[in-house]
Each structure stands twice: as C-alpha cells, then as structure tokens.
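What follows is a short report on a single structure.
The first residue of the sequence shown is numbered 1, and numbering continues consecutively from there.
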Amino acid sequence: MKQIITILFIGLVTFSIQAQNKVAKIEFKTDVIDYGTINKGADGVRVFEFTNTGDAPLIVSKVTSSCGCTVPKKPDAPIMPGATGEISVKYDTNRVMPIRKTITVMSNAETPTVALKIKGEVIDPSATK
C-alpha cells in the first residue's frame with residue numbers, strides 16, 4: 001500500500017512540474033499604430049493583432065488606456081496556443097489635437113504587462129488658419 005501511495009505522489013509531483021512549464025506568450029504584430037493625419041470626426045477604431053506563441057492558453061485579463069478619450073476592448077475568450085486575437089482601440093476623433101496615448105495590456109503571459117501606443121494627429125479641415 002505504501003508503494004502505491006508513493007508512486008501516486010511521485011506522479012502528481014511530476015505532473016505538477018510539467019504543467020508549470022507551460023506558459024502563454026503574447027506577440028503583437030506591432031506595438032505602435034500610427035493614425036497619421038486624420039480629420040475631425042473620422043473613424044477612430046484601430047486594431048492591434050497578436051498571436052499566442054506559447055504553449056498554454058492566453059487570458060487577457062485587463063486592457064486600460066492612459067486617457068478617457070481612448071477606449072480599448074479586450075478579447076473575452078482565452079486565446080489558445082498558436083491562435084490569434086485582437087485588441088480593438090477607439091480614439092475620440094472629435095478632439096482636434098495630436099494623439100499620443102498608451103494602452104496597457106495585462107495577461108497571464110510570460111510578460112504579464114505590455115504597453116501599446118497610438119499616435120497621430122486629428123485636424124479640423126473646416127478651421128481656417
């Protein structure tokens with residue numbers, strides 16, 4: 001009986017160690033989106049694409065913005081190894097000014113916090129200079 005318990009214990013410890021080696025990895029196609037020069041009221045939605053290059057499911061737990069004028073949207077479901085996902089970002093283009101904002105992505109990835117950037121400039125073509 002002691003031998004069976006010992007074998008089961010060793011098996012569980014080995015399984016636990018192997019399970020801990022599996023890690024999700026988040027790899028973005030780009031970490032900066034340049035809106036360029038856009039008109040006031042234009043479509044402010046852009047998408048950051050990423051791939052889970054790890055060997056465990058990737059769970060994006062939180063996505064925040066450095067400003068209330070930028071609204072990010074995270075994926076709801078886990079991203080399986082090898083699969084791709086998207087983080088949608090909507091900037092309020094009714095604000096005529098340069099765009100320099102940071103989107104922070106938090107997940108269970110090997111690098112748990114990633115900073116993404118958006119940049120550009122919103123202009124009002126009807127304004128006279």
Side-chain angles (χ1 to χ4, degrees):
M1 185 68 174
K2 286 184 179 181
Q3 289 177 341
I4 293 174
I5 292 173
T6 303
I7 291 171
L8 287 174
F9 178 74
I10 291 171
L12 285 173
V13 169
T14 303
F15 179 74
S16 296
I17 290 171
Q18 288 177 350
Q20 290 175 358
N21 292 336
K22 294 190 176 193
V23 176
K25 294 181 183 177
I26 191 167
E27 187 175 310
F28 285 89
K29 279 189 175 181
T30 181
D31 60 353
V32 177
I33 289 182
D34 188 350
Y35 280 69
T37 302
I38 59 173
N39 291 334
K40 178 180 178 180
D43 180 20
V45 177
R46 301 293 186 273
V47 175
F48 286 97
E49 295 179 5
F50 64 89
T51 303
N52 178 0
T53 58
D55 51 11
L58 173 68
I59 300 168
V60 178
S61 55
K62 190 174 182 182
V63 180
T64 59
S65 164
S66 61
C67 173
C69 60
T70 308
V71 180
K73 184 176 182 324
K74 70 178 188 68
D76 294 326
I79 309 301
M80 301 313 279
T84 60
E86 296 180 342
I87 293 176
S88 172
V89 177
K90 182 176 182 178
Y91 180 77
D92 179 7
T93 59
N94 287 319
R95 300 172 184 234
V96 177
M97 60 174 42
I99 305 168
R100 301 281 183 276
K101 305 298 174 196
T102 302
I103 293 87
T104 305
V105 179
M106 289 167 263
S107 69
N108 67 329
E110 185 175 56
T111 305
T113 305
V114 177
L116 306 173
K117 307 249 186 238
I118 60 171
K119 65 181 184 175
E121 184 171 6
V122 178
I123 61 168
D124 186 353
S126 65
T128 57
K129 293 186 178 185

I'd like to check [X] versus [Y] (side-chain heavy atoms, cut-off strictly below 4.5 Å). Are they in contact?
X	Y	result
S88	V45	yes
I59	S107	no
T84	E49	no

Subject >> Residue list, side-chain hydrogen bond (donor to acceptor under 3.5 Å, both in side chains) with T111, at least two apart or on another chain >> reply: none
Which pair of non-hydrogen atoms, one from [X] and one from [Y], has the smallest distance, and what is that distance?
X	Y	answer
K101	C69	CE-SG, 3.6 Å
V60	P75	CG2-CG, 4.1 Å
F28	V114	CE1-CG1, 3.9 Å
V32	F48	N-CE2, 4.0 Å
P57	P78	CB-CB, 4.3 Å

As an exercise, state the distance from [atom1] of [X] to [atom2] of [Y], rounded to the nearest 0.5 Å.
X	Y	atom1	atom2	answer
E27	E110	CD	CD	11.5 Å
I38	E121	CD1	CD	10.0 Å
D76	K74	CG	NZ	5.5 Å
T70	I103	OG1	CD1	6.0 Å
T37	I123	OG1	CD1	6.0 Å
L58	D55	CG	CG	12.0 Å

Original post:
In the single-linkage hydrophobic clustering (I, L, V, M, F, W, Y; side-chain heavy atoms under 4.5 Å), do V122 and M97 co-cluster?
Top reply: yes
**OP:** Answer with yes or no whether the hydrophobic clustering places I26 together with V47; edges join I, L, V, M, F, W, Y residues whose side-chain heavy atoms lie under 4.5 Å apart.
**Re:**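 In one cluster with I26: V47, no.
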Original post:
Should T104 and V63 be marked as a side-chain contact (heavy atoms from CB on, under 4.5 Å) after you check the CA-CA gap, both sets of side-chain angles, and the distance that decides it?
Top reply: CA-CA 6 Å; T104 305; V63 180; over 6 Å; no
Subject >> K90 atom NZ, over 12 foreign heavy atoms within 6.0 Å >> reply: no
Hey, does the side chain of [X] reach the backbone of [Y] with a donor-acceptor pair shorter than 3.5 angstrom?
X	Y	answer
D124	K40	no
S65	V71	no
N52	K25	yes
T93	G44	no

Original post:
Distance under 6.0 Å and angle within 45° of the ring axis: does R46 meet both against Y35?
Top reply: yes
**OP:** Starting from the C-alpha separation in whole Å, work towards a yes-or-no answer on side-chain contact (heavy atoms from CB on, under 4.5 Å) for F50 and I79.
**Re:** CA-CA 10 Å; F50 64 89; I79 309 301; 3.8 Å; yes
**OP:** Kindly determine whether V105 and L116 satisfy side-chain contact (heavy atoms from CB on, under 4.5 Å), including the steps that lead there.
**Re:** CA-CA 8 Å; V105 179; L116 306 173; 3.7 Å; yes
